[in-house]
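Everything below concerns the one structure shown next.
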Amino acid sequence: MQLLEERILKDGQILGDNILKVDSFLTHQVDYKLMKAIGQVFADAYKEANITKVVTIEASGIAPAVYAAEALDVPMIFAKKHKNITMTEGILTTEVYSFTKQVTSTVSIAGKFLEKDDKVLIVDDFLANGQAAKGLIEIIEQAGAQVEGVGIVIEKSFQDGRRLLEDMKVKVTSLARIARFKDGKPVFARADA
Ligand code: G4P
């Protein structure tokens, strides 16, 4: 997605060897116009899939996911990383290990929001090692629902996430794919949409 790649080049900062900081438009401050355009691209990519729910994980997946849900005219559900006192029954849960943050989180969704005949589009901000998406797939499968694909805003193609998801036979649609960082700038591979 050209608009997104241009924005990453303009505002993204590279931290250390492999972290892209995009807090001015995606992970902290949110550019809703860009998120709305991103949501529409995801919706267009999955318009034939009869998606009934969009699922993401808090926090930074929520903005692109909600606009994808708006464009598809379906509900958006975000998995929680901390158990909420109001989540009392029928909770679907899995453990997600983050290589980037080196912490394990227990991720949950209330089972009442996912049904057996749901067709789900997962949306997330980053695809690095794929552990967050894998955890969401596990939760959705616990509900007996079908994962139609994973929509990613920024894929770091030099990490293992895409391969992990493709090995699980899950379709991955990434709007910006970073092949590597060179001279302090991301180098893009061809995006999926
Ligand atoms: P994975 O889910 O693909 O396995 O990724 P990994 O464990 O390596 O990273 C987990 C967290 O780190 C995710 O945030 C992810 O968005 C974030 N992350 C990974 N690589 C980058 C990067 O290059 N830049 C930025 N800004 N974030 C990155 P999270 O734990 O889900 O938290 P939140 O930030 O969405 O609340």
Side-chain angles (χ1 to χ4, degrees), residues 1 4-5 7-32 34-35 38-39 42 54-69 76-84 93-109 120-141 147 149-168 170-182 184-189 191-192:
M1 183 185 180
L4 173 63
E5 291 184 359
R7 188 62 176 270
I8 293 169
L9 287 174
K10 179 168 158 282
D11 290 338
Q13 291 169 260
I14 296 164
L15 302 182
D17 289 338
N18 63 6
I19 297 294
L20 177 69
K21 185 171 175 180
V22 285
D23 64 347
S24 65
F25 62 94
L26 177 59
T27 61
H28 197 7
Q29 176 172 262
V30 171
D31 179 339
Y32 78 87
L34 180 61
M35 293 305 122
I38 283 169
F42 284 137
V54 173
V55 169
T56 189
I57 182 166
E58 62 179 345
S60 306
I62 292 175
V66 81
Y67 285 108
M76 185 280 282
I77 305 156
F78 62 94
K80 301 204 179 203
K81 289 182 190 153
H82 303 283
K83 205 169 156 191
N84 187 299
T93 179
T94 195
E95 302 280 301
V96 172
Y97 177 71
S98 166
F99 290 100
T100 304
K101 296 185 175 175
Q102 298 192 344
V103 290
T104 299
S105 319
T106 304
V107 171
S108 331
I109 291 180
V120 178
L121 172 63
I122 293 172
V123 169
D124 209 356
D125 57 337
F126 272 93
L127 178 61
N129 297 290
Q131 296 301 307
K134 178 168 164 270
L136 293 177
I137 291 167
E138 284 164 5
I139 288 183
I140 292 158
E141 288 179 346
V147 176
V150 177
I152 295 292
V153 180
I154 302 174
E155 172 187 317
K156 295 193 292 181
S157 307
F158 52 85
Q159 294 184 278
D160 290 336
R162 172 176 283 264
R163 195 172 27 182
L164 177 84
L165 300 180
E166 288 181 345
D167 284 350
M168 297 171 79
V170 174
K171 177 178 167 184
V172 180
T173 306
S174 301
L175 304 194
R177 297 180 67 182
I178 298 176
R180 61 186 180 279
F181 296 129
K182 187 165 180 274
K185 290 277 171 206
V187 177
F188 294 106
D192 298 312

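In listed order, ligands and their atoms are each counted from 1. A quick note: this is a predicted structure, and the numbers were derived from the prediction, not measured.
E166 pairs by the salt bridge (Lys or Arg N to Asp or Glu O under 4.0 Å) definition with R162, not counting sequence neighbours.
The only member of I137, L165, V54 that meets side-chain contact (heavy atoms from CB on, under 4.5 Å) when paired with I122 is I137.
The distance between the ring centers of Y67 and F42 does not fall below 6.0 angstrom.
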Indicate every side-chain donor-acceptor pair of residues 12-30 with a distance under 3.5 Å to a residue at least two apart or in another chain.
{"from": "Q29", "atom 1": "NE2", "to": "S24", "atom 2": "O", "distance (Å)": "2.9"}

Checklist entry - Given E155 and R177, is the salt bridge (Lys or Arg N to Asp or Glu O under 4.0 Å) satisfied, shown in steps? => result CA-CA 5 Å; E155 172 187 317; R177 297 180 67 182; 3.2 Å; yes
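Among residues at least two apart or in separate chains, there is no salt bridge (Lys or Arg N to Asp or Glu O under 4.0 Å) pair with a member in residues 95-108.
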Check: every ligand 1 N/O to protein N/O pair under 3.5 Å:
{"from": "ligand 1", "atom 1": "2 (O)", "to": "A132", "atom 2": "N", "distance (Å)": "3.0"}
{"from": "ligand 1", "atom 1": "3 (O)", "to": "A128", "atom 2": "N", "distance (Å)": "2.8"}
{"from": "ligand 1", "atom 1": "3 (O)", "to": "N129", "atom 2": "N", "distance (Å)": "2.9"}
{"from": "ligand 1", "atom 1": "3 (O)", "to": "G130", "atom 2": "N", "distance (Å)": "2.6"}
{"from": "ligand 1", "atom 1": "4 (O)", "to": "N129", "atom 2": "N", "distance (Å)": "3.4"}
{"from": "ligand 1", "atom 1": "4 (O)", "to": "G130", "atom 2": "N", "distance (Å)": "3.0"}
{"from": "ligand 1", "atom 1": "4 (O)", "to": "Q131", "atom 2": "N", "distance (Å)": "2.7"}
{"from": "ligand 1", "atom 1": "7 (O)", "to": "S98", "atom 2": "OG", "distance (Å)": "3.1"}
{"from": "ligand 1", "atom 1": "7 (O)", "to": "F99", "atom 2": "N", "distance (Å)": "3.3"}
{"from": "ligand 1", "atom 1": "8 (O)", "to": "T100", "atom 2": "N", "distance (Å)": "3.4"}
{"from": "ligand 1", "atom 1": "8 (O)", "to": "T100", "atom 2": "OG1", "distance (Å)": "2.4"}
{"from": "ligand 1", "atom 1": "8 (O)", "to": "N129", "atom 2": "ND2", "distance (Å)": "3.0"}
{"from": "ligand 1", "atom 1": "9 (O)", "to": "T100", "atom 2": "OG1", "distance (Å)": "3.2"}
{"from": "ligand 1", "atom 1": "16 (O)", "to": "D125", "atom 2": "OD1", "distance (Å)": "3.4"}
{"from": "ligand 1", "atom 1": "20 (N)", "to": "K156", "atom 2": "NZ", "distance (Å)": "2.9"}
{"from": "ligand 1", "atom 1": "23 (O)", "to": "L20", "atom 2": "N", "distance (Å)": "2.9"}
{"from": "ligand 1", "atom 1": "23 (O)", "to": "K156", "atom 2": "NZ", "distance (Å)": "2.8"}
{"from": "ligand 1", "atom 1": "24 (N)", "to": "L20", "atom 2": "O", "distance (Å)": "2.7"}
{"from": "ligand 1", "atom 1": "26 (N)", "to": "L20", "atom 2": "O", "distance (Å)": "3.1"}
{"from": "ligand 1", "atom 1": "30 (O)", "to": "K81", "atom 2": "NZ", "distance (Å)": "3.3"}
{"from": "ligand 1", "atom 1": "30 (O)", "to": "K101", "atom 2": "NZ", "distance (Å)": "3.1"}
{"from": "ligand 1", "atom 1": "31 (O)", "to": "K81", "atom 2": "NZ", "distance (Å)": "3.2"}
{"from": "ligand 1", "atom 1": "32 (O)", "to": "K81", "atom 2": "NZ", "distance (Å)": "3.0"}
{"from": "ligand 1", "atom 1": "32 (O)", "to": "K101", "atom 2": "NZ", "distance (Å)": "3.0"}
{"from": "ligand 1", "atom 1": "34 (O)", "to": "K101", "atom 2": "NZ", "distance (Å)": "3.4"}
{"from": "ligand 1", "atom 1": "35 (O)", "to": "A59", "atom 2": "N", "distance (Å)": "3.4"}
{"from": "ligand 1", "atom 1": "35 (O)", "to": "S60", "atom 2": "N", "distance (Å)": "3.0"}
{"from": "ligand 1", "atom 1": "35 (O)", "to": "S60", "atom 2": "OG", "distance (Å)": "3.3"}
{"from": "ligand 1", "atom 1": "36 (O)", "to": "A59", "atom 2": "N", "distance (Å)": "3.2"}

